[in-house]
Every structure is written in structure tokens, then in C-alpha cells.
Number of protein chains: 2
Amino acid sequence: MEGDFKKIRGFGLKVTPQRLAIFSLVKADRTHPSAQEVYQEVARKHPEMSFATVYNTLSKLVEAGAVQELNIDPDKKRFDPRTSLHDHFYCRVCGKVYDVDGDVSLAPNIKTIAGHRVETVQLTFKGVCEACSRK
Amino acid sequence: MEGDFKKIRGFGLKVTPQRLAIFSLVKADRTHPSAQEVYQEVARKHPEMSFATVYNTLSKLVEAGAVQELNIDPDKKRFDPRTSLHDHFYCRVCGKVYDVDGDVSLAPNIKTIAGHRVETVQLTFKGVCEACSRK
DNA sequence: TTGGATGCAAAAGATTTGCACTCCC
DNA sequence: GGGAGTGCAAATCTTTTGCATCCAA
């Protein structure tokens, strides 16, 4: 997409076919994929893609604020293209991460806490999701 | 300590010298140590201690609710002996985790969200801590 | 006695790094 | 042309696992 081209450049990054592919995929993925999962998906259309490139690009996109890195899965980092205010639920049974719309915390406006400069806030719920509860 | 003996047994676990040492150390450590750090500390007094034992014991203690597992450090799990209500701040520069007393979220009483059964809630702030900001 | 706990070492994953080659600007 | 980006492979780090031995109850 033409828009992606401009956005990537807007982040101060060189535009390459790999970055276009990665950005385009992540942007549309609401499953909160890990880097491995992003790699596997992108590699389907771009078999020559290197894993390191996916890592590098994801980390650049996080730095640029284009996507959010979630530390919610105990085993690995996950990525979320939604930058608007929302929380997350992690199911310890199936491992899925759900978006929780409508923020429940008082925290979003906090710029400083206990003297520390706040850049991001994550409110995380863990437990058993509805689907797993029914089994 | 005699109290630890009873507590560990209360968790439904066999009482071993290793568990006493690990529990006693973690209970007193407010630096939110990783498993590696716990191991290194405990190993100073118990050189024969196995890393696997530390892992197993920590995971039992988490299951029992004796300590809390934090998914706040992007690189590894950390453990917190405080089970009372409080939040955390992670400094992306020095990597330290600070306790934030006085809970800022509206979430603590939530038992269900979007149909999912909630067991734990973590409110995490990230940024640059006061000490690192001054440098 | 006996099932759970431990120690050791190897394995499995996730993430990072070094380096030569490539290509965007 | 030059420096950032890429691909590949090896290295690192965290966490898990298999198994023989040991010990708390």
C-alpha cells in the first residue's frame, strides 16, 4: 500500500520490500503475534526473509511508536498494532491474548509516578478465558 | 526460621533445606529478582544447590500464591514476595523494577472482564526512573 | 517404604550479534 | 558512493526436561 510507504519513511526508516511486508502484516494482525509468528506469516510470501530482519524491523517500529510491545505472555514478547487506549487479558490455558476495550485504569494520564518519568502503561489481566472456562 | 517451615508445609509442599533457603531469601528480597539472581544468591550459602531446584521451587511458590511472578521485564520473569496490592515501574535504562505503592488502577476488584475469569491483575509503568533521568 | 525432591546435564525457545553482501537515498 | 538494511549462522540467555539418586513423611 502506498500509505505504508509514507508511514515507514515518516518513522525515519528506509523503505525496503521487507519492511513494507512486515509492517503491512503486523498492522492488520489483531492476534498479538510474537516475532516468530510474524516471521512465519511474512515468510510465506517472502521465503527469502531473514528472521533477524523481522526482529530488527519490529524493534524499529516499536521505537517509532508504530506498534506496541506487550510483556504479557510469560514466554515471549508480543506485538500489538493498536496504539489507542486499551487493556489486555492473557489466558493461561490457551495462551491467547484478548483486547479489552474501554480502559479500566486511572493511569493513562499519568506522566510521572514516584518521581519516575512514565512513557507507557500496561494494564494486564490474567486468568482463564471464556472459551477455556466452558471446557 | 521456624515460621517458614510451617508456611512451606502449609502450601502443601515437602519441607527441604533447599526450599527453606529459597523461600527465606525470596521473602526478604525487594529487588524483584529473576530466577538466575535468586539462584546466584542462594548458591552463595548452598553451593550444591541446583538451578533446576530454584526454578521448580519458585514455580511451586507462585502456584501456592506465596510469591508473585511479574511479567514486566521484557527479558525475563521476575519474582515479588509482596502479595498486597501495588503496582510496578520498570526503568528501560537501568532495568530496575520499582514498587509503586498506592494502587492507581480501578481494576483490583474485577473478577470478570469481557466474560473471562480474572485471577491476577498487573499494572505496569515503563519509562526512565528518577535516578537515570538525572544522568 | 515411597512418591516427591534434587542435582546434573542436555535440550528447547527466544532473542541477539557478527559479518559480508546488497541496495535505498 | 556511502551508510543503512539484509541474510545467514553462530552465540547468548532464559527456561524446561529427562533421569538416576536421595530423602522427608
Side-chain angles (χ1 to χ4, degrees), chain A residues 2 4-23 32-64 66-67 69-79 92 95 97, chain B residues 2 4-23 26 32-43 45-64 66-67 69-79 92 95 97:
Chain A
E2 179 60 22
D4 289 348
F5 193 101
K6 289 181 181 172
K7 282 186 186 172
I8 292 176
R9 183 166 294 172
F11 300 143
L13 303 176
K14 278 190 186 176
V15 181
T16 66
Q18 291 88 339
R19 286 180 173 172
L20 283 169
I22 294 167
F23 183 54
H32 311 88
S34 65
Q36 291 281 357
E37 287 163 348
V38 171
Y39 169 66
Q40 281 162 30
E41 271 306 301
V42 176
R44 288 171 55 183
K45 287 196 176 179
H46 304 265
E48 80 293 350
M49 175 85 58
S50 159
F51 188 63
T53 296
V54 172
Y55 254 91
N56 289 336
T57 299
L58 284 173
S59 107
K60 296 278 187 189
L61 291 175
V62 169
E63 268 180 53
V67 304
E69 177 185 307
L70 301 182
N71 305 124
I72 177 175
D73 186 324
D75 298 328
K76 51 190 172 298
K77 296 171 187 169
R78 284 163 170 268
F79 298 88
R92 66 170 165 76
V97 172
Chain B
E2 180 60 22
D4 288 349
F5 193 100
K6 289 182 181 174
K7 282 185 186 174
I8 292 175
R9 183 166 293 172
F11 299 143
L13 304 175
K14 278 190 186 176
V15 181
T16 66
Q18 291 89 340
R19 286 181 173 171
L20 283 169
I22 294 167
F23 182 54
V26 170
H32 312 88
S34 66
Q36 291 281 358
E37 288 163 346
V38 172
Y39 170 66
Q40 282 162 29
E41 271 306 301
V42 176
K45 287 196 176 180
H46 303 265
E48 80 294 352
M49 175 86 57
S50 160
F51 187 62
T53 297
V54 172
Y55 253 91
N56 290 336
T57 299
L58 285 173
S59 107
K60 296 278 186 188
L61 292 175
V62 169
E63 268 181 53
V67 303
E69 178 186 307
L70 302 182
N71 305 124
I72 178 176
D73 185 325
D75 298 327
K76 51 190 173 298
K77 297 172 188 168
R78 285 163 169 267
F79 298 88
R92 65 170 166 77
V97 172

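Lettering follows sequence order; numbering is per chain, from 1.
Put simply, Arg19(A) has no side-chain N or O that comes within less than 4.0 Å of OP1 or OP2 on dC24(C). Between Tyr55(B) and the phosphate of dT15(D), there is a side-chain N or O to OP1/OP2 separation shorter than 4.0 Å. Taking side-chain N and O atoms only, Thr57(A) has no distance below 4.0 Å to OP1 or OP2 of dG5(D). The phosphate of dT16(D) has OP1 or OP2 within less than 4.0 Å of a side-chain N or O from Lys77(B).
Within the nucleic acid shown, Lys76(A) comes within 4.0 Å of sugar-phosphate atoms alone, with no base atom in reach, counting heavy atoms only. Contacts of Arg9(A) with the nucleic acid, taken as non-hydrogen atoms under 4.0 Å apart, involve only primed sugar atoms and P, OP1 or OP2. Counting non-hydrogen atoms under 4.0 angstrom, Glu48(B) reaches the backbone sugars and phosphates but no base.
Across the protein-nucleic acid pair, Ile22(A) atom CD1 and dG5(D) atom P stand 12 Å apart, rounded to whole Å. Going from atom CZ of Phe11(A) over to atom P of dA4(D) covers 20 Å, rounded to whole Å. Taking atom CD of residue Gln40(B) and atom C1' of nucleotide dC13(D), one finds them 12 Å apart after rounding to whole Å. Across the protein-nucleic acid pair, Ile8(A) atom CD1 and dC24(C) atom P stand 13 Å apart, rounded to whole Å. Separating the CE atom of Met49(B) from the C1' atom of dG7(C) is a distance of 11 Å, rounded to the nearest angstrom. Atom P of nucleotide dA24(D) and atom NZ of Lys6(B) are separated by 19 Å, given to the nearest angstrom. Counting to the nearest Å, the P atom of dT15(C) and the CG atom of Asp73(A) are 9 Å from each other. The separation between His46(B) atom NE2 and dA5(C) atom P is 18 Å, rounded to whole Å.
In this structure a side-chain-to-backbone donor-acceptor pair under 3.5 Å is present from Glu37(A) to Ser34(A). The backbone N or O of Ile72(B) lies less than 3.5 Å from no partner atom in the side chain of Arg78(B), so there is not a single donor-acceptor pair.
Between Asn56(A) and Asn56(B), the residue anchored nearer the 5' end of DNA chain D, judged by the nucleotide with its closest heavy atom, is Asn56(A). Looking at which nucleotide of DNA chain C each of Pro47(B) and Lys14(B) is closest to, the 5′-most match is held by Lys14(B). Along DNA chain C, the nucleotide nearest Gln18(B) and the nucleotide nearest Ser34(A) are compared for position; the residue whose nucleotide lies closer to the 5' end is Gln18(B).
Taking every side-chain heavy atom of Pro17(B) into account, dA24(D) is the closest of dA14(C), dA24(D), dG7(C). When the nucleotides dT6(C), dT15(C), dA9(C) are ranked by their closest atom to the side chain of Ala52(B), dA9(C) comes out on top.
Minimum interatomic distance between Asp4(B) and Phe23(B) (heavy atoms only, all atoms of both residues): OD1-CE2, 3.5 Å.
We find the CZ-CG distance between Phe51(B) and Asn56(B) to be 10.5 Å, quoted to the nearest 0.5 Å.
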